[in-house]
Amino acid sequence: MMASFCHFPASPPHQSLSKLLSPLRRPRPHPFLPNVLCIFNPNRNRIRAGSQFRRLSLSSSSIALPPEELDSSSLGDLTRPDFPILHQEVNGFNLVYLDNAATSQKPTAVLKALNKYYESYNSNVHRAIHSLSAEATDEYEQARTKVAAFINASKPKEIVFTRNATEAINLVAYSWGLSNLRSGDEILLTIAEHHSAIVPWQLVAQKTGASLKFVGLTKEEVPDIEQLKELLSVKTKIVVIHHVSNVLGSALPIEDVVAWSHSVGAKVLVDACQSIPHMVVDVQKLDPDFLVASSHKMCGPTGVGFLYGKSELLSAMPPFLGGGEMIADVFQDYSTFAEPPSRFEAGTPAIGEAIGLGAAIDYLMGIGMQRIHDYEKELANYLYLSLLAIPNVRIYGPAPSETVHRASLCSFNVENIHPTDIATILDKQHGVAIRSGHHCAQPLHRSLGISASARASLYFYNNKKEIDVFIRALKDTIDFFISFHGTEGL
Amino acid sequence: MDHAALAIRLLNAMPNPNSSSPFLSTRCRPSRRPLSLSVRCLQTPNPTPAPAPPPTPGSLLPCSAVAAAAQEAPSANLPRLRLRRLVDEFRSLPEPIDRVKRLLAYGSALRPFPEAARVSSNRVVGCTAQVWITATLDDLGRMRFAADSDSEITKGFCSCLISVLDGALPEEVREVTPEDFGDLDVVGMPGRANSRVNTWHNVLISMQKRTKASIVGGKGRPTR
């Protein structure tokens, strides 16, 4: 069977999504599946703001906010009906979900794909000749093909399904790292990496004698790329770097970093967890050696993520985990191993979840990643400037400008109020879900001189009205604590 | 005796006139806030208390009354009684925001934590806020706790836990479960106890581990 790629179901369940499609859309041949057509949405500018902008009286005056009334036809409004979970009350208030950097919500298309798998063709993959197994295997491998196309990998076999991005990084650290790192070698990271990109390399460094080097922040609170260039040397064997920071909201010039790293013979692993769900990521253009991401942050199910690795590198790497599926032959005293990606997928994989990820990619590509990115830039500016207008709020990361585009998230603190207290009141008293804590980035928080921060993170199904609700709720929360402190000191 | 006064009597009914805990609350602290709360003297009154501030209208019970209550304390199931009263106290507040305010009031009533005790060995891991806790076994074989946090709500959690468990016997501390606090129905309560960031759960477990360690650590149960 041949499931179509990045198409809409024969009986479209998503009326709202269909609104996004222009009748002018033109199918184009699928890169791996010549008989399957892609639908791309050419209407990416439809939600752009008009000529009238309103401005907030802020120092970063180069950013303007579009009028709120345009929000009525925003991408957020158009796609919200696809996410049943968003239409509920939490603690007596309409849910405002702003914790998307932790995990995204799932559209009905993904839920249906999961349901269909378990109701219709649940079976193990690559195991049996019966029809259900054949269908499950087809759909599972189709999901791999969809992931490859989504990031423009040259071959589906460059995609390894893992449990999540963390496992993907561990796979590279233990397989490639233990095979290639020696005493005196250096692993170069930024201080803004997620713990999942730091800890595996600490463990491997302890085993190999390699050392970790960290790039700090500039005064604009972005990883210092000039310092990165200076730290690169022939000792550098791998650069482990995020694409978009889950705390700072900054994006790094991965294409340049890869070129500089390759010039000294270093490999590059890109943590794309916060970029792939929100923008076009093209691995052939960026040219990293490895790239990882998680399904659950891009509208897919939990329990599955993926590693992209260049074919020649994956082929030269030893297995990470042993078990079924990853072998060629097993004898009593030794085994031979399958070719990638099977070599790295020991045991029964997360079949339904991978298929669900494929459905999520269909959904995202139906909207168009550039369109999602454009809309989120607008939301990002609106969120940043709205937060900045609140007294005593400190936002971390770079200020947006004509040249600096923040991701649609803000980590912040309010003077004299702990972020967990803010998040608690926002949830309990306003139904607004944000994150508080160190966001798995303790070294970064230490570098910023804090132990925790609050974070509001958006996705394309959010809209400006929700940001307004969040801002009002935050002001109310701040007033609540100020009032409490004020009366306490009476 | 009204409900709040009864609650405070039980909260403070501690059979420990000779505590030597360095972190023990040593004075009753009448709140100066207009919030009329039943938390003013969360821990065992010190037999040689610091001079108490003058009574204010917000103070529900004079310290002398608390001291008297201490003499009447039941000898068994003290944490259970205190917990029941704590639950009743929070249940009497139908509005969630009022329960949050009460929690904050508990946090405010927590005795200042010694700066020297803010060390990594006293950190409670796993909370989204920083939490420090100390646990010592006093001369009467009862556990003495002190805690602090950079989050006010978390301080409230700690204060409630201490109000229930400070002065309890080690076995009494260890038999309390996070679910026992579920009826408080206040933010971050059990029901979500399995979360890694559930402060109630993490602080209680930390108190219990430290209780066990304080016994295993060579002191054992003192002879009475």
Side-chain angles (χ1 to χ4, degrees), chain A residues 89-93 99 102-103 166 195-196 247 411-442 445-446 448-455 473 476-490, chain B residues 29-37 39 53 56-58 93-110 118 120 123-132 148-158 185-189 191-192 195-200 202-203:
Chain A
E89 288 190 356
V90 170
N91 297 321
F93 300 89
D99 193 19
T103 198
T166 298
H195 293 169
S196 63
V247 175
S411 299
F412 64 96
N413 270 313
V414 180
E415 190 177 349
N416 294 328
I417 307 176
H418 195 279
T420 295
D421 294 347
I422 290 171
T424 301
I425 300 299
L426 285 177
D427 172 63
K428 201 73 176 176
Q429 289 301 116
H430 301 279
V432 177
I434 68 163
R435 176 87 182 266
S436 69
H438 51 60
H439 318 307
C440 295
Q442 282 188 319
H445 276 73
R446 285 195 198 95
L448 293 167
I450 53 177
S451 62
S453 60
R455 182 183 67 191
D476 187 67
T477 301
I478 294 169
D479 288 344
F480 170 76
F481 280 104
I482 288 174
S483 169
F484 187 82
H485 289 150
T487 54
E488 191 179 34
L490 290 176
Chain B
R29 182 185 156 210
S31 172
R32 302 177 67 185
R33 269 175 286 111
L35 292 169
S36 178
L37 302 174
V39 276
T56 67
L93 302 167
E95 292 300 320
I97 193 65
D98 290 330
R99 293 196 291 276
V100 172
K101 287 177 180 174
R102 183 61 54 95
L103 197 64
L104 292 172
Y106 266 88
S108 296
L110 199 57
R118 291 174 189 266
S120 58
R123 279 281 304 277
V124 178
V125 296
C127 302
T128 58
Q130 296 184 94
V131 182
W132 298 267
D148 198 9
S149 173
D150 53 356
S151 151
E152 297 194 53
I153 289 176
T154 303
K155 277 180 75 173
F157 295 159
C158 295
D185 190 24
V186 71
V187 289
M189 285 306 301
R192 297 171 180 175
S195 168
R196 286 176 300 181
V197 298
N198 186 285
T199 302
W200 287 95
N202 292 339
V203 174

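The basis for the numbers below is simple: all heavy atoms, side chains too, and nothing from hydrogens, waters or symmetry mates. Each chain gets a letter, A, B and so on, in the order its sequence line appears, and its residues count up from 1.
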With side-chain contact (heavy atoms from CB on, under 4.5 Å) as the criterion, how do A:Phe484 and B:Val100 come out once you've worked through the C-alpha distance, each side chain's angles and the decisive distance to 0.1 Å? CA-CA 11 Å; A:Phe484 187 82; B:Val100 172; over 6 Å; no
Separation between CG of B:Asp150 and OG1 of A:Thr420, rounded to the nearest 0.5 Å: 7.5 Å
Can you check whether B:Glu152's main-chain N or O pairs, donor with acceptor, with A:Asp421's side chain at less than 3.5 Å? yes
Pairwise distance CZ(A:Phe481) to CD1(B:Ile153) - rounded to 0.5 angstrom: 4.5 Å
Which value, rounded to the nearest 0.5 Å, describes the distance between A:His418 atom NE2 and B:Thr154 atom OG1? 6.5 Å
Pair count under 4.5 Å, heavy atoms only, with chain B: among A:Ser451, A:Ala452, A:Gly437, highest is A:Ser451
